[in-house]
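Side-chain atoms are counted along with the backbone in the values below, which use heavy atoms only and exclude waters and symmetry mates. Whatever order the structure lists them in is the order used to number ligands and atoms, beginning at 1. Values in this document were obtained by computation on a predicted structure and should not be read as measured data. Position 1 is the first residue of the sequence, and the numbers go up from there.
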Amino acid sequence: MANRDDIIYKLDHVTKVYEGIPRVVALDDISLTINRGDIYGIIGMSGAGKSTLVRTLNRLEEVTEGKVFFEGADLSELKGKELRKARQSAGMIFQGFNLLNQKTVEKNIAVALKIAGVPKEKHEEIIGRMLKIVGLEEKRNAYPSQLSGGQKQRVAIARALSTDPKVILCDEATSALDPKITSEILDLLKKINRELNVTIIMITHEMSVVEAICDRVAVVDGGKLAEEGAVKEIFVNPKSDAARRLVYPEHTGLGLFDGQGRKCVRLVFNGVEAKEPIIAKLASSKGIEVSILSANTKSVGGIGFGQMIIALPEDEEKSRIATEYFKELGVYGEEVEAWQD
Ligand SMILES: Nc1ncnc2c1ncn2[C@@H]1O[C@H](COP(=O)(O)OP(=O)(O)O)[C@@H](O)[C@H]1O
Ligand SMILES: [Mg+2]
């Protein structure tokens, strides 16, 4: 694939203002690009502007300033058939599933096919194929009220996928589901991404969702883009306050030294090292003990990541030896604020 074609969405200084009382700047000068084939996360607290942002991607929401490009085309300039085509390229799923309760599973999908102008004689085959992908073939004639939350979301995914979209936009798609079902739905989305090469945009307020399946993530805070990058980089080294709050919600900054005047440093582990033995070995081989102020390890995309905030010994020589030791092992991150659970 040519490089230029790899970008599916580009937001160029996008601002969205809701004029009213009060006047709300829901998106404030957001620029970012989303690559084709990625699972791209957009994360932020409630009210950050995530839903507004995702609605600008299929022009359900007009932007106040700036531009949204889909496959290189300025969405605001598309009309009629072209706009419909661009909209159909993006299927959507929501927290509340948005199924038609008086229609069966099959009819829910058929409605989407009809709206997209797919000839009726093709419906049967497409519906069967979609239900197979989401693992719900035996529920074809069931009504939504007869399905669990996870099954309803599978129907919504089948419906979104039925018109052969290039992108699926997911707005808090797993927020109403319990952890086990969430992980099944995330696995399904991952499978759809990998096997059907559908770009997936995940709007969420949960870092665990981003951690589980996203390649890249944009952190949105108060309508602004706080940080953007590869998920593993943001996990290892969140730079913005908003990202830190999401990665380590339980932590609050204390200042560069801990209460006892010891210097605090961040150790970063990226997949290979086990964290505990390193600290134990420092004690056993050099007789130096460090205090662990906090430790977090996460599995991101199947690779173990972790970081630990430690307080170095008060004794300067011991502190120097410990620092050298960590540097040699390649885990020495930086001097940081101490964090407290
Ligand atoms: N249609 C609307 N009219 C006025 N204000 C809105 C509208 N939709 C959202 N907002 C406001 O815009 C801000 C961002 O909302 P939203 O995009 O829904 O955030 P999120 O999805 O991150 O919770 C909030 O302050 C919200 O109250
Ligand atoms: Mg929202």
Does this structure show an ion pair linking [X] with [Y], if we count only N-O contacts that are shorter than 4.0 Å?
| X | Y | answer |
| --- | --- | --- |
| Glu324 | Lys327 | no |
| Arg140 | Glu124 | yes |
| Glu184 | Lys180 | yes |
| Lys67 | Asp12 | no |

> Can you tell me if Met45 has a non-hydrogen atom under 4.0 Å from ligand 1?
Replying inline: yes

>> Distance under 4.0 Å to a non-hydrogen atom of Gly49: what atoms of ligand 1 satisfy this?
In response: 14 (C), 16 (P), 17 (O), 19 (O), 20 (P), 22 (O)

>> Within the 4.0 Å heavy-atom shell around Ser46, which atoms of ligand 1 are there?
In response: 23 (O)

Hey, is ligand 1 close enough to [X] that some N/O pair sits below 3.5 Å?
| X | answer |
| --- | --- |
| Ala26 | no |
| Val24 | no |
| Gly47 | yes |

> Which pair of heavy atoms, one from Tyr9 and one from Leu169, lies closest together, and at what distance?
Replying inline: OH-CD2, 4.3 Å

Backbone N/O of [Y] and side chain of [X]: donor-acceptor pair under 3.5 Å:
| X | Y | result |
| --- | --- | --- |
| Glu227 | Pro238 | no |
| Thr182 | Leu177 | yes |
| Asn58 | Arg87 | no |

> Tell me: protein heavy atom nearest atom 3 (N) of ligand 1, and distance?
Replying inline: Tyr18 CD2, 3.4 Å

> How close does the nearest protein non-hydrogen atom get to atom 18 (O) of ligand 1, and which residue and atom is it?
Replying inline: Ser51 CB, 3.8 Å

>> Heavy atom to atom 17 (O) of ligand 1, shortest distance: which of Thr52, Val54, Leu27 holds it?
In response: Thr52

>> Protein heavy atoms near atom 26 (C) of ligand 1, is at least one of them under 4.0 angstrom away?
In response: no

> Looking at atom 10 (N) of ligand 1, is any protein heavy atom nearer than 4.0 Å to it?
Replying inline: yes

> Of the options Val167, Ile201, Asn98, Val54, which is the one that meets Met92 in a side-chain contact (heavy atoms from CB on, under 4.5 Å)?
Replying inline: Val54

> Side chain, backbone, both or neither: which part of His205 has a heavy atom under 4.0 Å from ligand 1?
Replying inline: neither

>> So, 2.8 Å as the limit: is an N/O/S atom of Thr52 located closer than that to the Mg ion (ligand 2)?
In response: no

